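These notes are about the structure you will find just below.
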Amino acid sequence: MTKREIITLPDPLLRKASAPVERVDDELRALIDDMLETMYDAPGIGLAAVQIAVPRRLIVMDIKYRKPDEEGGEVAPEPIAMVNPEIVSLGEEMRLHEEGCLSIPEFYAEVERPSQVTVRYLDREGKQQERVCEDILATVVQHEVDHLNGKLFIDYISRLKRDRVIKKFVKLAKGEVVA
Ligand code: GNR
Ligand code: NI
């Protein structure tokens with residue numbers, strides 16, 4: 001397994017739609033393992049392939065794992081990989097959750113999304129699965145599927161706040177000092 005570099009704003013790849021995965025083979029499983037290693041190391045609870053500059057429709061998640069030195073650590077990992085995920089239904093109830101993104105480091109904002117979604121996807125063996133995701137997993141899976149469509153959680157906040165955070169990352173990329 002290899003830890004990969006995570007791209008950040010304003011990398012234009014983050015705004016591109018990812019292409020479907022054509023076959024689930026050993027090469028794809030190796031990519032899934034690299035994504036999991038990258039996510040656990042970050043640490044994060046989700047990662048889309050485009051965040052490691054691979055614009056394919058593939059996401060990984062684990063809402064349980066914490067690094068052993070963190071509070072509530074040493075929980076067994078429960079990795080989930082979804083190939084070509086499709087949200088087939090959304091629940092009516094909404095939930096508000098403070099989101100962050102490994103591609104927008106150190107910025108957090110509350111986002112309201114459905115608290116239950118049903119996702120259809122291929123698992124790491126290429127078998128079609130359907131899974132009902134609730135609560136935090138519902139939030140994360142929607143955040144990850146958004147990445148596959150070039151959408152970021154800052155698209156749900158006010159334009160003023162979004163422009164401010166984008167500007168900060170543009171300056172940072174240019175090597176300018178940010179207050
Ligand atoms: O690690 C992450 N935490 C998180 C918290 C609330 C809502 C979504 C997320 S996903 C994020 C990792 C990431 O950027 N995935 O794309
Ligand atoms: Ni993200």
Side-chain angles (χ1 to χ4, degrees), residues 3-19 21 31-73 75-87 90-91 93-117 119 121 131-158 161-162 165-166 168-170 172-173:
K3 192 181 103 187
R4 310 276 197 104
E5 198 181 315
I6 296 174
I7 63 170
T8 56
L9 273 187
D11 193 314
L13 201 51
L14 290 169
R15 290 308 195 172
K16 296 256 162 71
S18 295
V21 170
L31 176 60
I32 289 171
D33 290 340
D34 284 359
M35 286 171 64
L36 286 167
E37 182 175 344
T38 305
M39 178 187 78
Y40 287 131
D41 180 78
I45 56 176
L47 191 73
V50 67
Q51 293 181 276
I52 56 162
V54 178
R56 291 290 171 274
R57 303 188 79 84
L58 170 63
I59 64 176
V60 295
M61 295 169 289
D62 189 335
I63 56 164
K64 293 263 173 75
Y65 186 76
R66 297 285 177 279
K67 283 191 166 178
D69 55 335
E70 279 178 67
E71 198 180 327
V75 176
E78 270 181 43
I80 302 168
M82 296 183 174
V83 179
N84 297 337
E86 267 182 80
I87 294 174
L90 300 167
E93 195 187 312
M94 303 294 282
R95 75 189 298 270
L96 198 59
H97 195 92
E98 183 171 82
E99 299 196 17
C101 182
L102 295 170
S103 296
I104 314 172
E106 290 168 60
F107 179 77
Y108 306 91
E110 286 200 322
V111 177
E112 191 176 43
R113 302 183 189 262
S115 62
Q116 192 189 79
V117 297
V119 192
Y121 61 96
R131 179 171 178 146
V132 178
C133 301
E134 291 180 303
D135 306 311
I136 178 76
L137 187 58
T139 294
V140 178
V141 77
Q142 290 172 82
H143 175 117
E144 302 313 334
V145 171
D146 275 351
H147 274 299
L148 305 185
N149 297 323
K151 197 169 170 96
L152 300 169
F153 83 97
I154 53 171
D155 297 343
Y156 298 96
I157 66 179
S158 76
K161 285 186 187 167
R162 178 170 60 253
V165 64
I166 292 170
K168 184 187 126 170
F169 281 94
V170 168
L172 209 58

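Order of listing sets the numbers, starting from 1, for every ligand and every atom in it. Model, not experiment: these values are computed from the prediction.
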Within ligand 1, which atoms have a heavy atom of His143 less than 4.0 Å away? 8 (C), 10 (S), 13 (C), 14 (O), 15 (N), 16 (O)

Check each atom of ligand 1 against the heavy atoms of His147 and keep those under 4.0 Å away; list them by number with element. 16 (O)

Would Lys3 and Tyr40 count as a cation-pi pair here, with the cationic atom under 6.0 angstrom from the ring centre and within 45° of the axis? no

Less than 3.5 Å between some nitrogen or oxygen of Val140 and one of ligand 1, yes or no? no

Is a side-chain donor or acceptor of Gln51 paired with a backbone partner of Ala48 at a separation under 3.5 angstrom? yes

Using every non-hydrogen atom in the two residues, find where Thr8 and Leu14 come nearest and quote the distance to one decimal. C-CD1, 3.6 Å

Sub-4.0 Å atoms of ligand 1 with respect to non-hydrogen atoms of Cys101: 14 (O)

State whether the side chain of Gln142 and the backbone N or O of Pro114 hold a donor-acceptor pair below 3.5 Å, judged by distance alone. yes

Ligand 1 atoms in contact with Glu98 (distance to a heavy atom under 4.0 Å): 6 (C)

Atom 11 (C) of ligand 1: the protein heavy-atom neighbour that sits closest, reported with distance to 0.1 Å: Gly100 O, 3.6 Å

Angle, NE2 of His143 through the Ni ion (ligand 2) to NE2 of His147 - 10° precision: 100°

Where do Ile157 and Arg162 come nearest, in terms of heavy atoms and distance? O-NH1, 3.1 Å

Within this structure, what is the NZ-CZ distance for the pair Lys151 and Arg15, rounded to the nearest 0.5 Å? 8.5 Å

Which of the ligand 1 atoms, numbered from 1, are nearer than 4.0 Å to a heavy atom of Glu144: 10 (S), 13 (C), 15 (N), 16 (O)

Closest non-hydrogen atom pair between Arg57 and Pro85, with its separation: O-CD, 3.8 Å

Under 3.5 Å between some N or O of ligand 1 and some N or O of Pro43? no

Could you list the atoms of ligand 1 found under 4.0 angstrom from a heavy atom of Gly44? 1 (O)

With only distance considered, is Ala48 within less than 3.5 Å of ligand 1 through an N or O on each side? no

